[in-house]
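Take a look at the structure set out below.
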Amino acid sequence: MKARPRSMLEFIMALNGPIVWAAHFFFLYLADALACSGPGLASETIRWIGATATVVALALTFLSLRIARATCGRGSRTAEAEQHFSFAPPLIVLSMVAILWTSIPLLVLPTCAPGSV
Amino acid sequence: MQLPPISLGCNSPMTDMVTSPADDDTRRDAERKQLGRIWAPPSGWRIISAVNNTIVGYFYIGAAFLFFLLAGILALLMRTQLAVPSNTLLSPDTYNQIFTMHGTVMMFLFAVPAVEAMGILLLPQMLGARDLPFPRLGAFAFWAYFIGGLVFFGTLFFELAPSGGWFMYPPLTSTRFSPGIGADFWLLGIGFIEISAIAGAIEIIVGVLRTRAPGMTLGRMPMFAWTMLIFATMIVFAFPAVILATIMLELERAFGWPFFIAEKGGDALLWQHLFWFFGHPEVYIIFLPAAGMVSMIVATMARTPLVAHNLIVVALIATGFFSFGLWVHHMFTTGIPVMSLSFFSAASMAVAIPSGIQVFAWIATIASGRLQLATPALFILGFLFIFTLGGLTGVMVAMVPFDWQAHDTYFVVAHLHYVLVGGMVFPLFAAIYYWAPALSRTPLSETLGRWSFCLMFLGFNVAFLPMHLLGLWGMPRRVYTYPAEMGWQTLNLVATAGAFTLAAGVAVFLVDLIRNLRPSVSEHAGNVWSAGTLEWMPGHVFGPRSIPGVESRYPLWHQANLQQESETGRHYLPSAPTGGRETIVTSPIEALPQYLLRLPGPGWSPFLAAAFTAAFFMLLTVKWVTVATACGLLAIAFILIWTWSNDPEPVGEVDIGCGVAAPAYMSGPASPAWWATVIVMLVAGSLYLSFVFSYLYLWTVAPKSWPAAGAPLVPIANAWGAAALLVAAGGAMLAANTALAFNRAGCAVLVCASAAALVLALGLEVSGHLATGLRPEASGYAALVYLASALQLEVVAAIVVIALVVLARLACGRLSHARRVTFETLALLTYYAVGQGLLGLLLVHGFPRGIG
Amino acid sequence: MIPRGRLASICLALITLAACGGRQSALNPQGPEALRLTQLGWLLFALGAGILVLVVLATAVAVRGPDRLRTLLASARTVIWAGVVFPVTTLTLLLGYGIWLTRGGGIALDDPAALRVTVVGEQWWWRVVYQHRGTAVATANEIRIPVGRPLLFVLTSADVIHSFWVPNLGGKVDMIPGRTTHLRLRADQPGVFRGQCAEYCGGSHALMALEVISLSEPEFESWLEDQARPAAEPATTEARRGQELFVAAGCGGCHTVRGTPATGTVGPDLTHLGSRRSVGLDTLPMTEANIRRFIRDGQHVKPGNPMPPFRIFSQADLGAIAAYLAGLQ
């Protein structure tokens, strides 16, 4: 059984877990920075924007986890030797943890309170 | 591209022509001699012109170790000064220069170069390649670093060293508060040494992804190769931020462009954001290769494959990504809103998990085997303790409220030394003891090794453990002395004693090196540890005798007879089909052989180009502008001489062994040169995105500097004109691409037109701003507007030079439709310049109108 | 590998030492903010020490332990439990707690009951300004505060980045030119707390210290009243001569003494210099001898500071000036 040669693009796509984390992280940081400078946005607005972004990020990662496990998880049909991207499922799980952790401040903290004791 | 038969092993002697065994031996002998001749390095002092990765690698690691010793001596001076309160051994200014240089030399001239050196030294052998894909680039990177580094260190002897701390915060490092040229030495010196690191990174990425032995799929790639790949990719995205910051501060100091001066619409925190966006990934850049070395050493020392190999790969990739989300944790006390701070606290926690995975995977590996407690294993155990402790204090300071007490105190000094010395120095010493037999005629001494380890481990902990307490007792960082009433003197004295003990350990190591290390490219002590990876095959000046077909992660353990087969030339590339230096290029994921890469031999151009580049930057620092310019031009000249012999004549397909025929020339997206150019584009793009960040950031801080609604701006026609010229440049290049097949003269004209259009677009943009009376010294906003053009100028200038090369090659017949790699490089960079230029125009002309 | 017995005794020694933290120690909290941070610190230390012991034990077992345990450690499942599940759980709780703590101690930035003190970082001293009945009361290097009242420090810098840090009372906040940052603190009892600049600011950064003295509310009010008054008239002949010399030598170009022609703002306000506990940009205890020393030899006391050494005075003149300045209570 001959395998289809894999490309760099597929390799990069196998990194979608941390890529989604990065997009989510920088989006939240940017939103908070813009919200707290200049005219600013209401505190509640930021929370809703952040929460939505988090839900979207988690959904994306969950979806890609399903796909990754289907193609290279233990139950997959691809032969052992062809599982070049077997790092993908655990990587996505770690990214989901990181996304969840990034969202904790959204629930707990006032939006633009300065950082000091 | 031909796919070989699925069975990649070509170990059957019958794969070859049917000849008699005697003829076979004669032929093999002749092949071996040919390889030896082709790869022989120059003798005597001419070794400076060598480009073999082993030789450049030895020089590199030697230079890095030299800087380690020099910076270590600086540390001993610091500790002596701090041993007693109110000490007058060193004046404040001297001390401030010394601590700045200690940090700068350790981080920029030791840590990153040392791990890069291990990569250059070990990767080709480990991957089964004969050399790295761009040997002269590696040589250039080394010499630039070495010469620049020596000059930079030398500033200490003239009291011209920088004294702003290794992270050089403005406004302290602005002209007003640092009037001498010390800061400029840092900015120009370190700035260009970073370019050397990027050059090394390009080589490593292309090397790891494209020159692995056939059959060495991603999954079978050694862990050190994974870490070097991630290390190099991180460099590509992280270093540009500090390069931009360096350019900005130098422009501020030299020409008054006020990026960081609050009164003129700049912001001191902008530097901190840019610096730490680089600075945090930097420490993982330093740690990851060390972790890779640990993985290799643990597996061998425990005589068993790594447990949870896949999870370790996951951990490495996760670290690479997450480390880019930590940078504000160096700025927890700057008054940034708590919510932002907490995002970074969360990411700092996230990055701890991959480290934990690796630590337990190593423990699991040790548990699943039988650890030989030789010196490398001792250093690994020392690393486990010290690095874990450092990682735990890292989690402590990742907690924002705790950091509000611990930041900028000796607690952080303790933490950073635990993770850096523990996480990188101990693995490095383990690696030197471990790989010495593969690189030297004689291994190092076990006895001296144990002494060195004990003294270093004891000394390090005695020196740095008390510092945690000192920090919590209130002792800040970067203080040249402290009063006796504070009660800090006992622990400081203890720490000093520890530092000297650590130094004694290093001295013992030095003795061992001098007495026992005999670096050699061809005679090695042998596989004394019975390791399983390819770098332990018998070494020759040309790498492996024949490039082995790989079928497992530990080829020497799991592929019977592999070594014997490879040594008798029964695998790939047993000879040199084109008569020169070569290695095999394989596909990035499955390592299927794709083509034969011809490599250059020794030459003086890389060394001379590096020397003149170093001279250019250093002479600019002392303001000898004319001589500096001359050196710069000479540097460019030597680079052109070296690149002139790039892109050799296509020679059709050759036999690379095992019944596989492959082309000896490749252009287009599969060629290493294309990959290198793409990486350069990523570097330039990261630099430009850092600029875009700076622009938007400064707007949030100082919006008043931006043109108010209704204020006169550059007429939009200018912007459209520049945009049209940029698009035209791109179009001309596309046309030139097509023309190359039919009409070389037409292609030449189009290349000229394309470059000219880029230059005109830039000229139009700059003149437009000048015409409105805007001057870069006026405000942070103005400086940013002109910075956009400065960054565009950098790219366009490079394109003009390359265009001239392309024209010359077209004229001489060294460039054609078939032989087109240089043209492709030019085309890619042109498209990049068009994209960057358009983004710049959108930002500079569109943003003020959008907000107004 | 450190023998376990030795490790234990080192830990014990360290803990004992730690309990001896004094002035300027984060382990000696004297206010609610600092207390919260110290408690967090101890929790982190306990957790960290525990995990370190765990890792050391696991390594020891892996190297030379009983085979049953080694087999347990050797599985990928253990790696997942120890390296992923355990850290994720622990760190989630820790992160949540830490983020919760950053919500602050309940002193709003516009709290009317808070005492606002502006502190401007200079190379290498602290310009302190109180508001008293609508007027600004300037002093330097020494901050007196009332016990129990919420304090709001309004921080900025006149030159480079400094950092305001009084560990007994709380964490540090940077003082950044062009920006204003805030620090909210409270002292629980009377005392003298030492602070130090915690962001390298060149030159004599190591000597940029300050004292925060907490007094009972009535004592504080009376102190502030005194500070708000213009300078005391010189009481003795020597002091009067000192004042003449002070004016003649042009000291008023850099220093302010309220109620006299000296109105310079480059250097610290000297109106009530004599009432402070330290002199020489807070490096020397307040005595006439030290005042003389700083005037004559300030560059050796605090190298690089902007005040040039004044060697032009005779010993007697120097004494007179010192008497005058010490008399500015």
Side-chain angles (χ1 to χ4, degrees), chain A residues 1-8 10-11 14-15 17-19 21-22 25-26 28-38 43 46-47 50 80-95 97-106 108-117, chain B residues 1 3 6 209 217-220 226 308-318 320-322 324-325 328 331-351 353-354 357 400-401 404-405 551 587-590 592 669 675 693 696-697 699-701 703 851:
Chain A
M1 180 186 65
K2 212 180 234 194
R4 166 178 65 78
R6 305 297 192 96
S7 69
M8 278 302 291
E10 291 182 64
F11 183 16
L15 302 174
I19 290 174
W21 164 83
F25 182 86
F26 285 103
L28 251 53
Y29 176 54
L30 186 69
D32 192 58
L34 286 176
C36 299
S37 63
S43 180
I46 301 299
R47 258 185 251 288
E80 188 74 43
E82 264 82 61
Q83 290 188 13
H84 301 294
F85 307 133
S86 51
F87 55 77
L91 189 60
I92 295 170
V93 170
L94 278 186
S95 308
V97 171
I99 290 169
L100 278 167
W101 280 0
T102 314
S103 66
I104 295 179
L106 283 174
V108 172
L109 289 178
T111 321
C112 295
S116 69
V117 178
Chain B
M1 184 200 80
L3 284 175
I6 276 299
L209 287 175
T217 63
L218 268 192
R220 293 176 187 154
W226 271 109
H309 181 107
N310 195 38
L311 278 180
I312 298 181
V313 173
V314 170
L316 295 171
I317 299 176
F321 273 91
F322 293 161
F324 278 88
V328 172
M331 299 162 66
F332 276 164
T333 58
T334 53
I336 289 174
V338 258
M339 185 175 286
S340 287
L341 298 185
S342 300
F343 294 146
F344 290 90
S345 186
S348 305
M349 295 291 182
V351 87
I353 299 185
I357 292 176
V400 176
W404 284 336
Q405 287 284 26
E551 289 162 14
S587 66
I589 315 293
E590 287 111 336
L592 302 166
W675 283 51
F693 165 82
L696 296 172
Y697 176 79
W699 173 73
T700 64
V701 172
I851 54 162

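Order of the sequence lines sets the chain letters (A, B, ...), proteins ahead of strands, with each chain counted from 1. Nothing here was measured: the structure is a model prediction, and the numbers come from that model.
Neither the backbone nor the side chain of B:V701 comes within less than 4.5 Å of any heavy atom of chain A. Interface residue A:L106: backbone and side-chain heavy atoms are both found under 4.5 Å from chain B. Using a 4.5 Å cut-off between heavy atoms, B:Y697 does not touch chain A at all. For a residue to count as touching a neighbouring chain, one of its non-hydrogen atoms must lie under 4.5 Å from one of that chain's; by this rule B:L209 touches chain A with the side chain only.
Of the listed residues (B:A347, B:S340, B:G219, B:A315), the greatest number of heavy-atom pairs within a distance under 4.5 Å of chain A belongs to B:S340.
In this structure A:Y29 satisfies the side-chain hydrogen bond (donor to acceptor under 3.5 Å, both in side chains) test with no other residue, sequence neighbours excluded. In this view, A:W101 and C:T92 satisfy the side-chain hydrogen bond (donor to acceptor under 3.5 Å, both in side chains) rule, not counting sequence neighbours.
Interatomic distance, A:L30 CG to B:F693 CZ, rounded to the nearest 0.5 Å: 9.5 Å.
Closest non-hydrogen pair, A:L109 versus B:S342, comes out as CD1-OG, 3.1 Å. Looking at every heavy atom in both residues, A:S95 comes nearest to B:F322 through CA-CZ, 4.1 Å. When all heavy atoms of B:M339 and A:P105 are compared, the pair lying nearest together is CE-O, 3.7 Å.
Taking 4.5 Å as the limit, some side-chain heavy atom of B:I589 sits within range of a side-chain heavy atom of A:F85. Two residues are said to be in side-chain contact when any heavy atoms from C-beta on lie closer than 4.5 Å; B:L311 and A:P90 meet this criterion. Looking at heavy atoms from C-beta onward, A:L94 lies in side-chain contact with B:I357 at the 4.5 angstrom threshold. The shortest distance between side-chain heavy atoms of B:F321 and A:F25 does not fall below 4.5 Å.
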